[in-house]
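Here's the structure, in structure tokens; my notes come after.
Position 1 is the first residue of the sequence; numbering continues from there.
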Amino acid sequence: MVGAGFMYAWHLAVSQRVLYEMPAPTVALYVLTSMAVVVVAAFLIHSSSAAVPLAGFPPMLGLAAITVFSRLLMFLGVKRLGSVQTALLVSLKF
């Protein structure tokens, strides 16, 4: 858990530095493309072990849409508020 916290803090700090030069939607596109490449590679490596039923695709598409939306909002928050304030707002539980 501590390692995940450090990685998240590093991710936000690097994002803030990158967002000085690029708009948030562009950064979100690059990050989501990288995430998709990793997920597809993992799926191809392990696809022989289990087939995904047709009923599993709508929930996966829903999770993908939520991930895209949340990453875009996170990068917009880092761009406007900075990484520290974004980290504080993300950690709030409603």
* Under 4.5 Å between side-chain heavy atoms, hopping through other hydrophobics if needed: is there a path connecting Val68 to Leu63? -> no
* **Pairs satisfying side chain to side chain donor-acceptor pair (under 3.5 Å), at least one member in residues 23-34, at least two apart** => none
* Asked: Pairs in or reaching into residues 56-82: which pass side chain to side chain donor-acceptor pair (under 3.5 Å), with residues at least two apart or in two chains?
  -> His11-Arg71
* Asked: Taking only residues two or more places apart in sequence or in another chain, which ones pass side-chain contact (heavy atoms from CB on, under 4.5 Å) with Val31?
  -> Val27, Met35, Phe75
* What do you reckon, is CG of Leu54 surrounded by more than 12 foreign heavy atoms closer than 6.0 Å? -> no
* Structure fact -> For Leu12 and Ala87, the nearest pair of non-hydrogen atoms, with its separation, is CD1-CB, 3.5 Å
* Asked: Applying the 4.5 Å side-chain criterion to the ILVMFWY set and letting contacts propagate, would Met60 and Val39 be lumped into a single cluster?
  -> no
* **Co-members of the apolar cluster containing Ile66 [side chain, <4.5 Å]** => none
* Report whether Phe57 and Phe43 are members of the same hydrophobic cluster (ILVMFWY, side-chain heavy atoms less than 4.5 Å apart, transitive linking). => yes
* To do: Tell me who clusters with Leu72, hydrophobic residues only, linked when side chains sit under 4.5 Å apart either directly or through other members.
  => Phe69, Leu73, Leu76
* Structure fact -> Residues Ala55 and Pro59: closest non-hydrogen pair is O-CD, 3.3 Å
* Asked: Is Val78 reachable from Leu29 through a run of hydrophobic residues whose side-chain heavy atoms are each under 4.5 Å from the next?
  -> no
* To do: Please write out which residues are connected to Leu88 in a hydrophobic cluster, directly or through intermediates, given that two of Ile, Leu, Val, Met, Phe, Trp, Tyr count as joined at side-chain heavy-atom separations below 4.5 angstrom.
  => Val84
* Asked: By the rule that ILVMFWY residues connect when side-chain heavy atoms come within less than 4.5 angstrom, directly or transitively, which residues belong alongside Val2?
  -> Phe6
* For Ser83, which residues count as a side chain to side chain donor-acceptor pair (under 3.5 Å) partner, sequence neighbours excluded? -> Gln16
